[in-house]
Number of protein chains: 2
Amino acid sequence: MKWDELEEEPCSMARTIGVIGDRWTLLILRECFLRTRRFEGFQSALGITRHLLAERLKKLVRQGVLRRIPYQESPKRHEYILTQKGLDLYPIMMALVHWGDTHMVDERGRPLLHEHRKCGKMFDPVMVCSECGEPLSAKEVHVHPGPGARPAPERVLLDKKAKPKPRRKAA
Amino acid sequence: MKWDELEEEPCSMARTIGVIGDRWTLLILRECFLRTRRFEGFQSALGITRHLLAERLKKLVRQGVLRRIPYQESPKRHEYILTQKGLDLYPIMMALVHWGDTHMVDERGRPLLHEHRKCGKMFDPVMVCSECGEPLSAKEVHVHPGPGARPAPERVLLDKKAKPKPRRKAA
DNA sequence: ATTTGACAGTTCAATTTTAGAACTATACAA
DNA sequence: TTGTATAGTTCTAAAATTGAACTGTCAAAT
């Protein structure tokens with residue numbers, strides 16, 4: 001698969017993956033949320049090759065996730081800062097962190113704690129339903145084709161089921 | 001960087017990325033949540049090469065995200081199903097979908113709608129603070145080193161700031 | 001009895017990506 | 001004049017991915 005095809009798929013998840021779904025991009029975004037803004041900053045924080053960093057930044061700018069803003073003339077220098085579209089990635093970042101906090105910590109505990117300014121407490125992010133406010137879990141959610149779903153004859157991505165048709169003598 | 005080093009970093013996000021942070025893995029997980037369970041199912045749904053699919057499934061099993069369960073003897077066949085650790089990835093999936101729904105839809109609208117069984121409404125996922133229940137945004141959150149943070153002399157991942165030290169004549 | 005098809009992989013050559021390191025260019029500061 | 005900081009670009013070697021074919025087991029159809 002060519003990865004730019006992902007953005008054409010009738011699946012919001014695939015499209016998102018097309019934009020931010022690779023390791024370096026995700027790490028670059030982590031740095032963005034930690035207020036890294038400059039080429040050298042990203043490079044030294046991540047140890048990414050300069051070549052790839054240049055590519056990824058270019059792509060994020062093209063996608064409207066980052067904006068490239070001059071902070072000095074002669075020599076021209078730019079900073080990369082998150083747009084609103086980029087800031088909206090925050091729930092994804094937090095979800096990634098939280099899963100790591102839950103399933104990937106060693107005996108010493110979490111590397112980082114998060115404090116919510118509004119209430120002053122250390123918190124975990126919780127994903128809830130916008131309508132009733134209850135926490136969400138996979139089995140309580142059903143999907144329906146939306147207006148942008150692919151029309152009938154073709155396969156509707158994100159809406160097919162591999163029915164476990166058991167054959168022959170079961171184990 | 002070798003990608004297995006990611007899991008050693010004192011950063012929950014990096015560790016998570018080490019497990020699920022590549023395109024194919026993310027797409028495989030999407031299929032899992034859509035109840036695909038078998039090798040051929042994944043392969044035909046995604047068009048991934050069989051070689052890579054076998055590798056990725058193996059890794060997800062090794063990481064405890066999927067469990068490989070026999071569903072038939074002779075010939076031995078297995079299904080890949082999400083463990084609890086895997087099911088806990090749901091907020092990440094929903095966050096990815098929601099960002100795509102917000103920023104990557106075309107004029108036709110969303111490919112999919114989500115219904116919350118409990119309340120019966122179509123919903124969006126919202127990430128809130130576990131302590132006060134308010135929706136979260138990047139700027140209302142402060143990070144602090146936790147017990148598993150890297151000790152002083154070395155760089156604490158996820159806790160450095162590239163202070164925009166302005167030099168020379170600004171633009 | 002033989003062929004066909006489903007399933008779950010494995011193997012291998014060709015292509016694409018990434019890593020690692022060095023190099024370019026501009027301009028300030030000592 | 002030399003050194004440093006910044007933001008890249010260029011190059012070759014190494015690693016990952018693709019595409020396609022191949023393996024092996026068994027059930028069902030001919």
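We use all heavy atoms of the structure for the numbers below, so side chains are in, but hydrogens, waters and symmetry mates are not. To find a chain, count down the sequence lines: A is the first, B the second, and so on, and within it residues start at 1.
The CG atom of B:Leu27 sits 4.0 Å away from the CD1 atom of A:Ile17 when rounded to the nearest 0.5 Å. Rounded to the nearest 0.5 angstrom, B:His98 NE2 and B:His103 NE2 are separated by 8.5 Å. Taking CG from A:Leu112 and CG from A:Leu34, the interatomic distance works out to 8.0 Å, rounded to the nearest 0.5 Å. Going from atom NZ of A:Lys85 over to atom CG of A:Leu66 covers 11.0 Å, rounded to the nearest 0.5 Å.
Put simply, A:Arg56 has no side-chain N or O that comes within less than 4.0 Å of OP1 or OP2 on C:dT17. Dashed line: the shortest gap from a side-chain N or O of B:Trp24 to OP1 or OP2 of D:dA16 is not under 4.0 Å. At C:dT17, none of the side-chain N or O atoms of B:Trp3 fall inside 4.0 Å of OP1 or OP2 (strictly under the cut-off). Under 4.0 angstrom from either OP1 or OP2 of C:dG9 there lies at least one side-chain N or O belonging to B:Tyr80.
Each of C:dT10, C:dA27, D:dA7 was ranked by its minimum atom distance to the side chain of A:Phe39; first place goes to D:dA7. For B:Arg38, counting side-chain heavy atoms from C-beta on, the closest listed nucleotide (C:dA27, D:dG8, C:dA8) is C:dA8. When distances run from any side-chain atom of B:Tyr71 to the nucleotides C:dA8, C:dT10, D:dT6, the shortest one goes to C:dA8.
The salt bridge (charged side-chain N to carboxylate O under 4.0 Å, His left out) analysis of residues 136-146 of chain A, with sequence neighbours excluded, yields the pairs A:Glu140-B:Lys118.
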Could I get a table of every N or O pair under 3.5 Å where one atom is in the protein and the other is in nucleotides 21-25 of chain C?
none

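Look at CG on B:Asp4: it is 13 Å from C1' on D:dA16, rounded to the nearest Å. Rounded to a whole Å, the CD atom of B:Glu55 is 11 Å from the P atom of C:dT11. Taking atom CD on A:Glu40 and atom P on D:dT6, their separation rounds to 6 Å, with Å as the unit. If you take CD1 of A:Ile48 and C1' of C:dT17, they are 13 Å apart, rounded to a whole angstrom. The NZ atom of A:Lys2 sits 16 Å away from the C1' atom of C:dT17 (whole-angstrom rounding). For B:His78 and D:dC26, the NE2 to P distance is 14 Å, given to the nearest whole Å.
Nearest-nucleotide mapping onto DNA chain D: of A:Arg68 and A:Met1, the residue sitting toward the 5' end is A:Arg68.
Side-chain atoms of B:Arg68 and B:Tyr80 include a donor-acceptor pair closer than 3.5 Å.
Within 6.0 Å of CZ in B:Arg67 there are 12 or fewer heavy atoms belonging to other residues, nucleotides or ligands.
Backbone-only contact: B:Lys58 has heavy atoms under 4.0 Å from sugar-phosphate atoms and none from a base. Note on A:Arg23: nothing from the nucleic acid sits closer than 4.0 angstrom, heavy atoms only.
A donor-acceptor pair under 3.5 Å is formed between the side chain of B:Thr83 and the backbone N or O of B:Val65. Under a 3.5 Å cut-off, the side chain of A:Thr25 and the backbone N or O of A:Gly21 do not form any donor-acceptor pair.
Axis angle across the helix from C:dA1-D:dT30 to C:dA30-D:dT1, with five pairs used at each end and values rounded to 10°: 10°.
Under a hydrophobic clustering in which Ile, Leu, Val, Met, Phe, Trp and Tyr are joined whenever their side-chain heavy atoms come within less than 4.5 Å, directly or via other members, A:Val97 and B:Ile20 fall into the same cluster.
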